[in-house]
Structure formats: C-alpha cells, structure tokens
Amino acid sequence: MAALAHRDRVPLRGVPPHRLPRAVSADLSGAAARRIALAAQGFADRVPVGPPTRTHLRRVVARTRLLQMDSVNILTRAHYMPAFSRLGGYDEKILDRAAWRSSARTPRLLAEYWAHEAALIPVEDWPLFGWRMRQYADGRWRYTREVLQRNRSLTGDVLGVITGEGASTPREIEGVLGIDRPAAGKGSWWDRGEVKHVCEALFAAGTLSSVRNDHFVRHYDLAERVVGDHWAATDVAETDAVRELVARAAAAHGIATTADLADYYRLKTTQVRAVLDDLLDEGTLHRVRVHGWDEPAFLHAEARTPRRVARSALLSPFDPLVFYRPRTQRLFDFHYRLEIYVPAHKRVHGYYVLPYLLDEHLVARVDLKADRRAGVLHVLAAHSEPGTDGGTVAEALNADLRAMASWRGLGEVVVHPRGDLAAALAACGGVGAAP
C-alpha cells in the first residue's frame with residue numbers, strides 16, 4: 001500500500017523535496033563522517049538530567065530504528081544496552097513494557113521480527129517486512145521448512161491452541177495437544193521439537209509474533225494481538241517497503257555506503273540500488289564523497305554534522321553503531337570481531353568484548369562479565385587502542401564502568417590483570433584489582 005509508505009516516510013524538516021537537487025557534489029572528511037554517524041545514532045543528543053523515561057526510550061528508538069537481540073546474558077541482554085549507552089542508567093522495565101507488557105495506558109511500541117537478525121522494531125514498521133514474511137512463508141531455516149512440510153496438520157493444531165489459549169510457549173502447546181516429549185537438552189536446535197519449529201516458521205511468516213516473560217522465554221501469539229489489527233493487516237508492496245527501509249537505514253546512519261544501507265535491515269545490495277534513484281530524486285539522500293572511503297557515500301537530508309561530539313559510552317557488540325564491522329573499521333579505524341565462538345586460548349581480547357567510545361573515537365575495548373550472585377562487575381581484560389592516552393582513557397572508563405555496575409545492581413568493579421589498559425584502570429580510585 002503506497003499510501004502507508006508515503007505517510008511513514010522520514011520527513012524532511014520543512015524542506016520541500018522538489019527544492020533539493022538530485023546530485024550534490026560534496027567532499028567530507030573522515031572526521032565529519034564520524035560526527036554525522038554519531039549524531040544520527042543519538043550520541044549528540046542531551047543525556048536526561050533525571051531518570052530516563054518512556055519518552056527518552058522513544059527518542060532512542062527513533063534514532064536506531066531497531067534494537068538487535070541476542071541470547072548471551074553474561075552482562076545483560078543485548079537489546080537493553082543501546083538505551084543505556086545513549087541515556088545512562090535507566091529502568092529496563094520501561095523497555096519490557098514497550099515490547100512485552102502493553103496495556104491501555106502504555107500501548108506496545110516494539111515488536112520482534114527478523115530485521116538486522118532478531119530485533120525489536122517499532123510496531124508501525126511491521127508492514128514493511130511483509131515481503132520478507134512472504135519469503136519465509138514456510139520458515140526461515142531449511143530444517144524448519146522440512147518439519148513444516150511433513151506436519152501441515154500440526155500448523156492448524158498449533159494455531160488453534162494459540163487462538164484459544166492466548167500467548168503460549170511450545171511446551172504449553174504440546175501439553176494442550178497431548179504431545180509427550182522428553183525434556184530438551186541445553187537448548188540444542190535438534191532438541192526443539194516439532195511444535196517449536198512450527199511456531200518458528202509461523203513467526204517468520206508473520207502469522208505469529210511473540211512476547212517474553214521475565215526469564216526471556218518467548219510466548220507465541222497471533223500477530224494481530226501483538227502488533228494490532230491495523231498493522232497486521234496492512235500490506236505494503238515490496239518496492240515501497242524496501243524504499244522505506246533504505247530511507248530508515250539512511251536516517252539511522254546519517255551517512256552510509258550502499259553496503260551499509262543493505263546491512264542495516266539485511267537487504268540485498270541489488271534491492272538497495274533499485275531504490276536509490278527514487279530517494280535521490282525526492283531529496284531524501286545526497287551523493288557525497290568521504291576522504292579515505294573507497295566507495296561513494298549517501299548523506300541523509302536530515303543528517304547533522306556537530307562541531308564536536310563529547311560523549312563516552314560502553315557499546316554492546318550488537319549496537320547499531322558498530323554491528324556492521326566493515327563500517328566500524330571505516331569510520332573509527334577499529335578492527336572488531338566478537339570472539340565468543342573462538343576457542344579461549346585463541347582469543348585476542350576476550351569473550352564478550354565491548355568497544356568504548358570516548359568523544360569521537362573508539363579508544364578501548366573491555367571484556368566484561370557480571371557476577372550477579374557476588375555483586376561484582378568483572379573486567380576480565382582491558383585493552384587500549386594505539387595512539388590513545390591510557391591515563392585519560394582509564395579515568396573516563398572507570399566512571400563508565402561504575403555507572404554500568406550501578407545499572408546492573410552490582411556493588412564492585414574488579415579489574416583483572418589482562419590487557420595493556422588494566423593497570424591504569426585498576427589504579428583509578430575505588431576500582432579493585434584482582435590478584
């Protein structure tokens with residue numbers, strides 16, 4: 001439905017599209033591109049003076065357009081981190097209510113779907129993924145599709161239970177259907193059971209959405225009961241939807257290459273190229289060149305270029321600022337990879353390593369672990385980037401680690417003696433060094 005696409009398009013602030021030229025010949029420095037990117041992601045916005053509210057969360061989501069999810073909980077769930085990085089310590093129940101605890105007073109703001117991997121997206125963006133839901137009509141994964149093909153009748157049974165019982169886990173559905181299945185192992189894909197695979201297929205197809213409980217367990221429900229009848233029923237043509245997603249990715253980036261735009265919502269570069277001329281013609285994007293970048297760039301019409309960005313933040317490995325590693329390298333000269341799946345003895349920086357932003361640069365990385373029982377935030381390793389002032393970085397990082405510990409309800413920060421920044425960090429007042 002083209003009308004939806006035009007209504008939801010990111011508006012240009014008071015500038016009629018026809019007043020904007022299609023091609024803008026502009027050269028930007030790498031430093032300017034960095035500031036544009038940081039501002040687009042909300043790092044030039046004011047930090048709340050008091051406790052952050054639902055309104056502040058809305059502002060963050062308006063910047064990022066999505067919150068990537070991940071099951072690793074060694075520090076905190078990934079979707080909670082971007083708001084902390086931009087707002088400081090906030091009550092994560094605000095996000096829970098926005099995604100999973102809706103009511104008449106606090107309507108749902110976010111819903112789960114496959115955006116940049118598994119992610120929370122604004123509910124009004126749900127129709128923009130209808131083309132992807134149609135692609136996933138029989139599931140996202142080959143094994144899931146095979147389960148679905150040999151269990152077509154089970155699909156109707158699962159939908160019948162959810163329709164009658166409301167949001168349900170696969171185990172609860174199995175109980176209603178009288179399916180007796182041995183207890184699963186440690187979350188293995190093969191231990192999921194056929195009901196779980198059917199639920200996943202229906203989720204990918206957009207027939208089901210989901211909500212989560214306090215233990216992060218997914219309960220599947222009919223999509224219209226989660227995102228609302230209007231958004232569940234709205235259909236947007238693929239070309240219109242892709243154009244809108246590229247416009248949103250461009251706004252979230254500020255400045256981006258074709259590959260950057262494609263990665264944000266896991267589009268194909270051919271899909272992006274097919275709509276770029278439209279976005280250039282209407283003035284949403286301008287072509288620019290960035291010194292040091294090998295590829296042409298596209299500047300969003302509303303992108304701001306602050307004179308400076310004075311902000312420090314610990315970033316989740318799945319933060320939209322850094323989750324596309326080639327862009328992270330290009331913007332910050334920061335080579336970053338997550339080493340969770342690397343054998344321990346081969347890891348360079350650690351298991352769950354967070355980049356550290358100080359002003360306009362990524363200056364360090366820290367491997368963090370929350371010991372909730374002992375009330376300790378462990379800094380298992382701390383490494384500085386070449387050319388940085390270790391003392392200055394350590395002092396700022398110490399303050400941000402304390403803020404992180406306070407947000408997670410931890411009383412102490414313990415620095416382990418690994419990494420070239422560890423000694424300076426441990427020497428900062430009040431940070432306990434591990435023996």
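Since this is a predicted model, take the numbers as computed values, not measurements.
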Arg327 bridged to Asp263 by N-O distance under 4.0 Å: no
Of all pairs that satisfy ring-ring contact (aromatic ring centres under 6.0 Å, His included), the ones with a partner from residues 382-405, not counting sequence neighbours: His349-His383
Lys/Arg-Asp/Glu bridge criterion (N-O < 4.0 Å) met for Arg243, Asp240: yes
Over all atoms of both residues, closest heavy-atom pair of Leu222 and Leu159: CD2-CD2, 4.2 Å
Within residues 308-324 or reaching into it, pairs that qualify as salt bridge (Lys or Arg N to Asp or Glu O under 4.0 Å) - sequence neighbours excluded: Arg86-Asp319
Residue Asp221 excluded, over 12 heavy atoms near CG under 6.0 Å: yes
Test item: Ser85 side-chain N/O and Leu314 main-chain N/O as donor-acceptor pair under 3.5 Å: yes
More than 12 heavy atoms from other groups under 6.0 Å of CD on Glu339: yes
Residue pair Ser210 / Glu112, side-chain donor-acceptor N/O under 3.5 Å: yes
Which atom of Leu321 lies closest to which atom of Gln41, heavy atoms considered: N-OE1, 3.9 Å
Modelled atom types, side-chain donor and acceptor of Thr169 and His219, under 3.5 Å: no
Pairwise side-chain contact, Phe323 with Leu66, heavy-atom cut-off 4.5 Å (strictly under): yes
Residues in side chain to side chain contact (heavy atoms under 4.5 Å, CB included) contact with Asp389, at least two apart in sequence or another chain: Thr392
Flag if over 12 foreign heavy atoms under 6.0 Å of CZ, Arg337: no
Evaluation steps, salt bridge (charged side-chain N to carboxylate O under 4.0 Å, His left out), between Arg304 and Asp45: CA-CA 11 Å; Arg304 294 187 298 134; Asp45 295 342; 3.5 Å; yes
Set of residues satisfying ring pair (Phe, Tyr, Trp, His ring centres under 6.0 Å) with respect to Phe318, sequence neighbours excluded: none
Considering all heavy atoms, the nearest Ala303-Leu299 contact: CB-CD1, 3.7 Å
Donor-acceptor pair between His300 and His253 side chains, under 3.5 angstrom: no
is_close_aromatic(His361, Phe332), centroid dist under 6.0 Å: no
Residues Val158, Thr155; criterion side-chain contact (heavy atoms from CB on, under 4.5 Å); working and verdict: CA-CA 5 Å; Val158 168; Thr155 300; 6.0 Å; no
Arg77 side chain vs Ser71 backbone, donor-acceptor pair below 3.5 Å: yes
Val198 side chain near Tyr220 side chain, heavy-atom distance below 4.5 Å: no
4.5 Å side-chain heavy-atom contact, Thr258 and Arg273: yes
Inter- and intrachain pairs under ring-ring contact (aromatic ring centres under 6.0 Å, His included), touching residues 39-82, at least two apart: His79-Trp100, His79-Phe216
Heavy-atom side-chain proximity of Leu28 to Thr305 below 4.5 angstrom: no
Which atom of Tyr352 lies closest to which atom of Thr76, heavy atoms considered: OH-O, 4.2 Å
Check: Thr234 and Trp126 side chains under 4.5 Å, non-hydrogen atoms: no
Residues which pass side-chain hydrogen bond (donor to acceptor under 3.5 Å, both in side chains) with Arg325, listed by chain and number, not counting sequence neighbours: none
Pairwise side-chain contact, Val379 with His416, heavy-atom cut-off 4.5 Å (strictly under): no
Please tabulate, for side-chain N and O atoms in residues 417-424, each donor-acceptor pair with protein atoms closer than 3.5 Å (sequence neighbours left out).
residue	atom	partner	partner atom	Å
Arg418	NH2	Arg347	O	3.4
Arg418	NH2	Val348	O	3.1
Asp420	OD1	Ser384	N	3.0
Asp420	OD2	Ser384	OG	2.6

N-O pairing of Asp359 and Arg34 below 4.0 Å: no
Test: Arg330 cationic atom under 6.0 Å from Trp293 six-membered ring centre, within 45° of axis: yes
Pairing residues for Glu146 by the side chain to side chain contact (heavy atoms under 4.5 Å, CB included) criterion, not counting sequence neighbours: Arg142, Tyr143, Arg150
Counterpart residues, side-chain hydrogen bond (donor to acceptor under 3.5 Å, both in side chains), relative to Arg35 (two or more places apart): none
Lys/Arg N to Asp/Glu carboxylate O, Glu92 vs Arg97, below 4.0 Å: no
Side chain Glu244, main chain Ala241, donor-acceptor under 3.5 Å: no
Any donor-acceptor N/O pair, Asn398 side chain to Glu395 backbone, under 3.5 Å: no
Side chains of Val309 and Leu357 in contact at under 4.5 Å (non-hydrogen atoms): no
For Tyr356, all residues meeting side-chain hydrogen bond (donor to acceptor under 3.5 Å, both in side chains), sequence neighbours excluded: Asp400
Nearest atoms (heavy-atom pairs only) where Pro107 meets Ser102: C-CB, 4.1 Å
Carboxylate-amine/guanidinium proximity below 4.0 Å for Arg307 and Glu360: no
Non-neighbouring partners of Glu385 that pass side-chain hydrogen bond (donor to acceptor under 3.5 Å, both in side chains), sequence neighbours left out: Arg365
Non-hydrogen atoms of Arg101 and Thr106 that approach each other most closely: O-OG1, 3.9 Å
pair Leu261-Leu267: side-chain heavy atoms closer than 4.5 Å: no
Between Trp114 and Tyr136, ring centroids under 6.0 Å: no
Salt bridge (Lys or Arg N to Asp or Glu O under 4.0 Å): pairs with one or both residues in residues 129-138, sequence neighbours excluded: Arg134-Asp235, Asp138-Arg152
Geometric cation-pi criterion, Arg218 with Phe203: 6.0 Å, 45°: yes
